[in-house]
There are 2 protein chains.
Amino acid sequence: MSLPPTGPEPGPAAPARPGRLQMADIARIAGVSVATVSRALNGSTEVSAATRQRITELARSLNYTINVSAKNLRLRHNRTVAVVIPYDRQTRLHVSDPFFLSMLGSLADALTDRGHDMLVSRIDADQLETASQSYDSGTALGIIMIGQWHSHEQLNRLADQGVPLVVWGAQLPQQRYCSVGGDNLGGGRMATRHLIERGCRRFVFLGDPTTPESALRLRGHQQELAEAGLGPEACRVLAVGFDAARARTEVGRLLEQGVDFDAVVACSDVLATAVVPVLRLHGREVPRDVAVVGYDDIEWASHADPPLTTVRQPVARAGVEMVEALLERVAGRDAPPRTLPVELVVRQSSMR
Amino acid sequence: MSLPPTGPEPGPAAPARPGRLQMADIARIAGVSVATVSRALNGSTEVSAATRQRITELARSLNYTINVSAKNLRLRHNRTVAVVIPYDRQTRLHVSDPFFLSMLGSLADALTDRGHDMLVSRIDADQLETASQSYDSGTALGIIMIGQWHSHEQLNRLADQGVPLVVWGAQLPQQRYCSVGGDNLGGGRMATRHLIERGCRRFVFLGDPTTPESALRLRGHQQELAEAGLGPEACRVLAVGFDAARARTEVGRLLEQGVDFDAVVACSDVLATAVVPVLRLHGREVPRDVAVVGYDDIEWASHADPPLTTVRQPVARAGVEMVEALLERVAGRDAPPRTLPVELVVRQSSMR
DNA sequence: CTGAAAGCGCTAACAG
DNA sequence: CTGTTAGCGCTTTCAG
């Protein structure tokens with residue numbers, strides 16, 4: 001404790017970028033203490049306006065940027081949000097699905113607008129627990145998850161651990177995390193109603209009814225059938241997950257078996273566009289023989305062949321809402337689940 | 001220095017998450033010093049295998065995660081890579097373009113595989129200088145930029161500042177950063193050659209020839225025309241950027257002016273699929289009257305109407321190569337530019 | 001209004 | 001093999 005300042009400094013072995021400017025440097029140059037610099041840079045009113053401006057300008061001209069690790073360490077918090085994209089080997093829907101990708105873009109925008117960084121990671125749905133790491137380790141102040149899948153319980157557990165968590169998906173009973181999602185029940189209903197109005201009577205439903213979102217859409221579908229006086233036998237559910245290839249196979253098989261139907265209700269635009277060629281192959285024209293409705297309204301749904309009727313999800317708004325909800329949670333406030341309205345976009349694929 | 005341990009601890013005002021486990025905690029529980037814990041957790045051979053395992057298991061069972069800020073601060077480095085998506089108001093191509101989005105996915109995978117985090121940000125192309133902030137502030141160990149646009153000089157400047165930087169784009173003369181990109185010249189050539197073989201003679205080129213990548217594709221296009229004995233008048237260049245709406249307008253105008261052509265070479269699949277309806281509107285059938293070739297081979301190019309012939313960019317590989325190159329730079333080694341082979345995928349849109 | 005000093009959670013000499 | 005100790009770059013009492 002009172003040893004003479006001998007020897008070489010310990011210093012880490014790390015290469016320590018040499019020219020890296022730090023507060024001490026600009027303090028020295030400005031002829032003030034680091035405390036003052038810190039205060040000035042943080043806009044504290046405890047420094048005279050003059051010094052504050054002088055220091056701010058100096059820092060800017062020197063291109064100084066604060067060391068975020070040090071700041072975070074000292075403040076014991078940070079401004080980065082972890083966005084995790086679970087990938088589920090079973091349903092095969094992963095980051096490459098255009099819808100999820102556009103959600104990422106939307107989140108990037110919303111987060112940037114509010115001055116936050118976005119840390120993106122893909123996590124195997126089977127080990128979603130690890131998602132909390134970025135929070136536990138102080139890397140992120142909270143987590144936004146794109147997709148709920150079958151992970152309801154795991155998500156609840158995360159929330160119980162106190163992880164600020166917002167999930168894109170359906171609102172479920174006994175849910176202890178915050179969900180933000182489209183109105184899946186409504187989406188399912190409006191797609192079906194539209195089809196019924198176009199005279200369709202025998203339906204094929206494409207999706208993964210074991211996930212909450214698809215299940216809700218299916219329920220909406222069935223409600224609408226019932227209201228039209230159609231029994232459950234009016235709909236054939238094909239549990240193909242979000243796997244386009246599988247959708248093709250299954251629909252093909254149905255056709256080969258001679259099963260007849262005049263409408264396809266799909267849980268994603270990718271699924272919907274994927275089966276169109278199969279229908280054609282079996283001599284069914286879209287929309288003449290079979291009307292097709294997708295879900296999401298990804299950008300090129302309008303360029304599909306034929307242009308796809310679909311249920312539009314409010315992607316841009318979704319990002320904003322999820323971020324808002326997360327920040328509420330982070331602030332310790334309650335964030336009720338949010339359900340966003342969806343909208344039927346009618347194009348050719350259903351106009352028979 | 002020898003004051004009695006008086007007074008309340010200063011402590012930050014920050015709410016400091018209470019239960020947050022730290023090394024000291026597990027050290028106490030294990031009955032060792034934090035140094036030992038640190039060593040054990042970092043797999044140092046300086047601790048006995050026994051203690052190492054004991055500590056590792058304890059930490060795991062307690063769900064302890066190391067504080068990354070502290071570690072980074074001490075080590076003076078970190079494991080996160082900043083991925084920036086410049087958005088150019090002029091060309092209008094931004095994060096929502098499926099190609100860029102899939103690139104993001106590819107990078108996420110490659111980065112995860114190598115144990116790195118991915119920090120995503122969108123930056124206005126006009127102020128690309130700010131991209132270095134995440135590096136300067138010690139938040140990221142380097143930067144991967146998706147898209148080169150018109151920023152060659154700014155990128156050079158970043159590189160000069162010593163920022164480890166890898167850019168998806170074309171290799172340019174006097175380039176001081178590392179670029180990774182598809183073979184744009186080759187791509188332009190193979191698209192054109194194919195079209196010429198299908199009997200096309202009057203071309204429309206859609207893109208932004210002022211960006212290096214598109215310029216190279218155009219050059220390849222023109223080379224191929226020349227080799228086929230066609231003069232430069234055989235091609236009409238429509239500088240529409242990456243704006244689908246604008247592409248529609250411009251192509252429509254051409255048609256109204258009575259300009260005739262039998263092939264469209266587009267710089268993205270989005271552009272290519274966008275103009276098909278316009279052609280039809282003016283009585284041109286694709287591919288019968290006009291053959292169309294896109295670029296990128298985004299996933300649903302095969303679902304387009306008609307299925308789109310296009311130049312496939314090696315997205316998955318792109319991610320891996322960019323990450324590799326960046327890590328080379330970070331390690332202080334030289335990373336030569338890389339050009340990745342592209343491939344023509346022939347589908348219906350060009351088969352006349 | 002400004003400076004001195006303590007300490008955020010971790011790693012790495014350096015000594016035992 | 002393990003503990004002690006000195007910081008990494010910053011913010012914030014507390015004292016002037």
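Throughout, protein chains are lettered first and strands after them, A, B, ... in sequence-line order, and every chain is numbered starting at 1. Quick note: numbers below take in every heavy atom, side chains included, and nothing from hydrogens, waters or symmetry partners.
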Fill in the blank from the handout: Contacts satisfying salt bridge (charged side-chain N to carboxylate O under 4.0 Å, His left out) that involve residues 27-36 of chain A (not counting sequence neighbours) are A/D25-A/R28

Fill in the blank from the handout: Those residues at least two apart in sequence (or on a different chain) that pass side chain to side chain contact (heavy atoms under 4.5 Å, CB included) with B/S38 are B/M23, B/N42

Exercise for the section: Let me know the distance between CZ of B/R28 and P of D/dT2, rounded to the nearest Å. Expected result: 19 Å

Completion exercise
Contact check, residues 46-63 of chain B vs DNA chain D, heavy-atom distance under 4.0 Å, returns B/E46, B/V47, B/S48, B/T51

Practice task
Check DNA chain D against residues 32-44 of chain B and give the residues with a non-hydrogen atom under 4.0 Å, in numerical order.
Solution key: B/V32, B/S33, B/A35, B/T36, B/R39

Exercise for the section: With sequence neighbours excluded, tell me which residues meet side chain to side chain contact (heavy atoms under 4.5 Å, CB included) with B/Q53. Expected result: B/E57

Practice task
Using the test ring-ring contact (aromatic ring centres under 6.0 Å, His included), find all partners of A/H116 that sit at least two apart in sequence or belong to another chain.
Solution key: none

Problem - All pairs passing salt bridge (charged side-chain N to carboxylate O under 4.0 Å, His left out) where residues 158-169 of chain A contributes a residue, at least two apart - result: A/D160-A/R176

Problem - Overall bend - the helix from C/dC1-D/dG16 to C/dG16-D/dC1, comparing terminal axes fitted on five pairs, nearest 10 degrees - result: 40°

Handout entry: Phosphate-side-chain proximity, A/Y64 and D/dC10, N/O vs OP1/OP2 below 4.0 Å
Key = yes

Extract all donor-acceptor atom pairs below 3.5 Å that involve side chains of residues 138-147 of chain A and protein atoms in other chains or at least two apart in sequence.
unit_1: A/T139; atom_1: OG1; unit_2: A/S137; atom_2: OG; d: 2.8

Exercise for the section: Scan for salt bridge (charged side-chain N to carboxylate O under 4.0 Å, His left out) pairs involving residues 325-338 of chain A, sequence neighbours excluded, and state none if there are none. Expected result: A/E321-A/R338, A/E324-A/R338, A/E328-A/R333

Handout entry: Whether A/S106 side chain and A/G319 backbone form a donor-acceptor pair below 3.5 Å
Key = yes

Practice task
Mind checking side chain to side chain contact (heavy atoms under 4.5 Å, CB included) for B/Q175 and listing every partner two or more places apart, or none if nothing turns up?
Solution key: B/Q148, B/H152, B/Q171, B/L172, B/Y177, B/S179, B/P337

Handout entry: Set of side chain to side chain contact (heavy atoms under 4.5 Å, CB included) partners for B/V32, sequence neighbours left out
Key = B/A30, B/T36, B/V37, B/R54, B/I55

